[in-house]
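Heavy atoms only: backbone and side chains are in, while hydrogens, waters and symmetry mates are out. This one's a predicted model, so the numbers in the text were calculated from it and none came from an experiment.
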Amino acid sequence: MTSLFQDGMKCHYHGYRPNGTIYTMGEIRLIRLRHLWVILLYMAVMAIVGCRNDDPEVVNSAGTASQLRIVSFSPAITRALVDLDLEEKIVGRSTFCTSLPTDIPVVGDLLQINYERLLELQPTHILMQTSREGADTRLLELAEQKGWKIGQWSRINTLADIERMVRAIPDVLYEQESGEHHRMSDKIDTLWRRLDRILHAEASDRWQGPVLLVHHIDPVAVFGRETYLSDLLIALGASNATEVTGWQNLSLEDVSHLNPPAVIIIAETSEDSSVDPWELAGPLGKLKIEAVQTRRFAVLSNPDAWLPSTGVISVAEELREILHQFNQSTIPEQ
Amino acid sequence: MRPLAKRQFLGLCCLVVIVGLTVIARLLVYRDISGVLTWEWTGSDAMSLRWTAVRVAAIAGASLAVSGVLLQALLRNPLASPYILGASSGAALAVVMVMYLQSSLAITWNLRGMDTMPAAVGAVGTLGVVYLLGQKRGWLDPISLVLVGVVVTAICGALIMFFHHLLPHGLKADLVTWMMGIIRQGASTSELIITGSIALIGSAIALFFGRAMDAATLGDDEARSIGLSLGPLRLVLFVVAGILTSAAVALAGPIGFVGLIAPHAARLILGPKHTVLVVGAALAGIALLIGADVASQIISVQGGRMPVGVFTALIGGPAFIWLLRSGRGRS
């Protein structure tokens, strides 16, 4: 108590009343008790706020549909989950998962994971597309500690990669031979049958020659072989006009040498299919190539064309329509 | 002919020959996408595209090099480059903003706005800001200019990252390609005429102020003692350098190291006199950029084309370190 009086000379609650007279010991005890109550009350409020239980039941690895809490770090995987009616089970997403409502929290991306938010979300499953090095070591450690199940795919470039990724989703999310697993597999079968019907329909009325798939004009950037759009093209009976693999930059001179008989520009920003391909083509439309002379020039304005996922089904439909239009084009008389 | 003049004459002849060789190499070389390299004179269509590439590289190379000479004189710093004043980051910011607006408003226009206009507006706008903030008592102050340029570049860099973060996947790759610098074969005639005229007029103004730049590099007191008014000179150099950089960035993207290395290479061959240096640096810039474009034609990476900025950085980086270590970069 003496210390209170010694270092509290200027503070009225440390021993002096505002008028300068000294508190009695009883009054000091009362004041301290009041302070204690305030502190306890504050702690109680904070504890209630902190412990408010709006988290769902946490389960380890494979669970039932109602218990699933999925975090997806890949827009392609997210898109597949949405098409498999699992949108409501997604509790966290990457910055690039635009096929989800914006109120679903962003948990970073493959390179920059927001671990704090991830812990808050308490997922049961984390799905991701990884680099060659695999998933982040810290994430793997956390997953092991918390019992999260991680589904990872190292490469989703081709149509076969997409199918492999989608068909593996039930294995990651559900117990083998469970009802949910069967139901999900059936849904996937239905999706792929739909794609097969589009790809393997009667091909005689479609263009079956080479097509250059362009996604930027100068420098010309193309979807080369071993990409999902190239695979779709080949499955539809046409072929890729370039021999390069993956996503590559070419010069206008390369295109001039290739002399593709047909060109499809993959536009990303617009859903307006009425956009004029010649306006988009710019200098590409001025080259003396067969595609320009025969006017086999089209724009594919489908945002799904940029995502190696289940959205390729709608892209396949549009591609088929474009190839059908190309078949009507003929070389004009000089 | 005095020994120095003779050296300059020979040096200029040497640079002209190098430019000629690089132009010939660029017109002849072609590697097809299967990797086969050919050196031959081809049909008119392919040749027209190669000529366009040569002209783009020449205009951008000369503009950046002359701009480098002006800024090194203006800032009295041999390590100054055209991008120190924020022109390239301003241009990149404008391009990424236009790309973002196009993607968010779902506008398809000239394939994601890789147009020269946003880049030019961004570069000029940033230089305007640097000009306003880089003044001291109504005149441009070299130290303030550098500091403001660095800060504005950093702010633009942060905003570029912000908009880059918001861009859809496909556009991110396009932006990165543009930021590495590209020699476009599809540049329109009007783009070439406008930027070419800017390069010519800018170089002519730089030549006109050659002797004044010689005096300005001596120091403020020395310059004033011979009757040179530094304030108006700095303003002219800043404006001309800024416009030249903007034109180059608008035409070919922010290609690094040309504006830094070309003036030093020319200074090494021709000496420090600015009248000759401007011409020499322009020739060195042209040779460097066309040479880098030839390298991008020859070196094959998975059948695709590497951006020319990769090669200017690969050539310019080590050259810059050599200049720095050997002390030859000091004017």
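More than 12 heavy atoms of other residues, nucleotides or ligands lie within 6.0 Å of CD in B/Glu40, so this atom counts as buried by the packing criterion. More than 12 non-hydrogen atoms from other residues, nucleotides or ligands lie less than 6.0 angstrom from OH of B/Tyr30. Annotation: A/Trp247, atom CH2; neighbour count of heavy atoms from other residues, nucleotides and ligands within 6.0 Å is above 12.
For the salt bridge (charged side-chain N to carboxylate O under 4.0 Å, His left out) criterion with A/Glu253, the lone passing option out of B/Arg184, B/Arg50, B/Arg31 is B/Arg50.
Both the backbone and the side chain of A/Ser251 come within contact range of chain B, each with at least one heavy atom under 4.5 Å from a heavy atom of that chain. Contact annotation for A/Leu284: neither backbone nor side-chain heavy atoms come within less than 4.5 Å of a heavy atom of chain B. With a threshold of 4.5 angstrom between heavy atoms, B/Ala53 does not approach chain A through any atom at all.
In this structure, NZ in A/Lys286 is found 7.0 Å from OG in B/Ser188, a value given to the nearest 0.5 Å. The CG atom of B/Asp32 sits 8.5 Å away from atom CD of A/Glu243, with the distance rounded to the nearest 0.5 Å. From B/Gln297, atom CD reaches atom CG of A/Asp254 across 7.5 Å, with rounding to the nearest 0.5 Å.
The heavy-atom pair separating B/His165 from A/Phe96 by the smallest distance is O-CE2, 4.1 Å. Between A/Ser256 and B/Leu49, the shortest heavy-atom contact is CB-CD1, 4.2 Å.
Of the possible donor and acceptor atoms, one in the side chain of B/Gln185 sits under 3.5 Å from a partner among the backbone N and O of A/Leu252.
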